[in-house]
Amino acid sequence: MDNEYTVEELFKQYSDMVYRIALSYGTQVSFAEDVVQEVFLRLLKKKPRFKSKEHEKAWLIRVAINCCKSMVSSAWIKRTCSLEDARQAESLFQQEEESGLFELMAKLPAIYRTVLYLRYYEEYQVKEIAKLLHITPNLVSARLSRAKKLMKKEILKERKCIENETGIIQRNV
């Protein structure tokens, strides 16, 4: 198996996935780009042998999550984010509904964004997410549940704001 060709092929196949995982952690385009670069540099350095397509995907997800965690805890990431970065990240989700969901997900803590992304965008099962994140399936389920509740709360808040702006809701006096 030719590693250079494999790395190029893996980059084409999985760079978008790694990028979106990074956005779920940092919500900044520059952060996500750095994570993608770091993940594929590690792939080039380590040159792991994969047993299957699922194994290579899981390896890349795990490395992406580890990179995100280490970069989030670093001092430079705690600086301010430009508004342009946030707008660019939002534009990645072409459909209006996806863009709105991204905005709502960006308001959630990273632990919730990650499980939501892996469950609903990458379509992993709870047990698989638990393995990837090195946590228990019960904790994954709890985080998914909390994330959905927080998302619902944000959607309702947003809906009320829109309805109030359009004057649809009137108070009964």
Student: Measure the spacing between CD1 of Ile21 and SG of Cys67 and express it to the nearest 0.5 Å.
Tutor: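 Going from CD1 on Ile21 over to SG on Cys67, the span is 11.0 Å.
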
Student: Determine yes or no for a side-chain-to-main-chain donor-acceptor pair under 3.5 angstrom, with Glu123 supplying the side chain and Tyr120 the backbone.
Tutor: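 Looks like no, no N/O pair under 3.5 Å.
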
Student: Evaluate the side chain to side chain contact (heavy atoms under 4.5 Å, CB included) criterion for residues Lys12 and Glu8: first the C-alpha distance (whole Å), next the side-chain angles of each, then the deciding distance (0.1 Å), finally the verdict.
Tutor: CA-CA 6 Å; Lys12 287 177 184 175; Glu8 184 178 336; 3.4 Å; yes

Student: Assess the residue pair Lys127 and Val140 against the criterion (side chain to side chain contact (heavy atoms under 4.5 Å, CB included)); give the C-alpha distance rounded to whole Å, side-chain angles, the decisive distance to 0.1 Å, and a yes or no.
Tutor: CA-CA 8 Å; Lys127 287 182 182 180; Val140 171; over 6 Å; no

Student: Determine, stepwise, if the pair Tyr112 / Lys149 fulfils side chain to side chain donor-acceptor pair (under 3.5 Å).
Tutor: CA-CA 11 Å; Tyr112 300 133; Lys149 285 178 185 174; over 6 Å; no

Student: Less than 4.0 angstrom from a charged side-chain N to a carboxylate O is my criterion; do Glu9 and Lys53 meet it?
Tutor: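 Yes, Glu9 and Lys53 are salt-bridged.
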
Student: Do Pro48 and His55 have side chains that get closer than 4.5 Å, going by heavy atoms?
Tutor: no

Student: In chain order, what residues pass the side chain to side chain contact (heavy atoms under 4.5 Å, CB included) check against Ser15, with sequence neighbours excluded?
Tutor: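 In terms of side chain to side chain contact (heavy atoms under 4.5 Å, CB included), with neighbours along the sequence ignored, Ser15 is linked to Phe11, Val36, Phe40.
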
Student: Would you indicate whether the side-chain heavy atoms of Lys47 and Val7 approach each other to under 4.5 Å?
Tutor: no

Student: Tell me if a side-chain donor or acceptor on Arg119 pairs with a main-chain N or O of Tyr124 at a distance below 3.5 Å.
Tutor: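 Yes; judged by distance alone, with no hydrogens or angles, the pair exists.
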
Student: Any side-chain heavy-atom pair from Lys57 and Gln13 closer than 4.5 angstrom?
Tutor: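 No, their side chains stay 4.5 Å or more apart.
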
Student: Side chains of Ile61 and Tyr14: does their closest heavy-atom pair fall under 4.5 Å?
Tutor: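 They are not in contact (no side-chain heavy atoms under 4.5 Å apart), so the answer is no.
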
Student: Is any side-chain heavy atom of Arg42 less than 4.5 Å from a side-chain heavy atom of Glu38?
Tutor: yes

Student: Would you kindly confirm whether Leu41 and Leu60 end up in one hydrophobic cluster when ILVMFWY residues are joined by side chain heavy atoms under 4.5 Å apart?
Tutor: no

Student: On a heavy-atom basis, which atom in Ala22 and which in Cys68 lie closest, and how many Å separate them?
Tutor: CA-SG, 3.6 Å

Student: Sub-3.5 Å donor-acceptor pair from the side chain of Thr114 to the main-chain atoms of Ile111, do we have one?
Tutor: no

Student: With the side chain counted from C-beta on, respond yes when Lys131 and Glu128 share a heavy-atom pair under 4.5 Å apart, and no when they do not.
Tutor: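 Lys131 does not reach Glu128 side chain to side chain.
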
Student: Checking side chain to side chain contact (heavy atoms under 4.5 Å, CB included) for the pair Tyr19/Val35: CA distance, chi angles, key distance, verdict?
Tutor: CA-CA 7 Å; Tyr19 189 77; Val35 170; over 6 Å; no

Student: Should Tyr25 and Lys69 count as side-chain neighbours, where that means a heavy-atom distance under 4.5 Å?
Tutor: yes

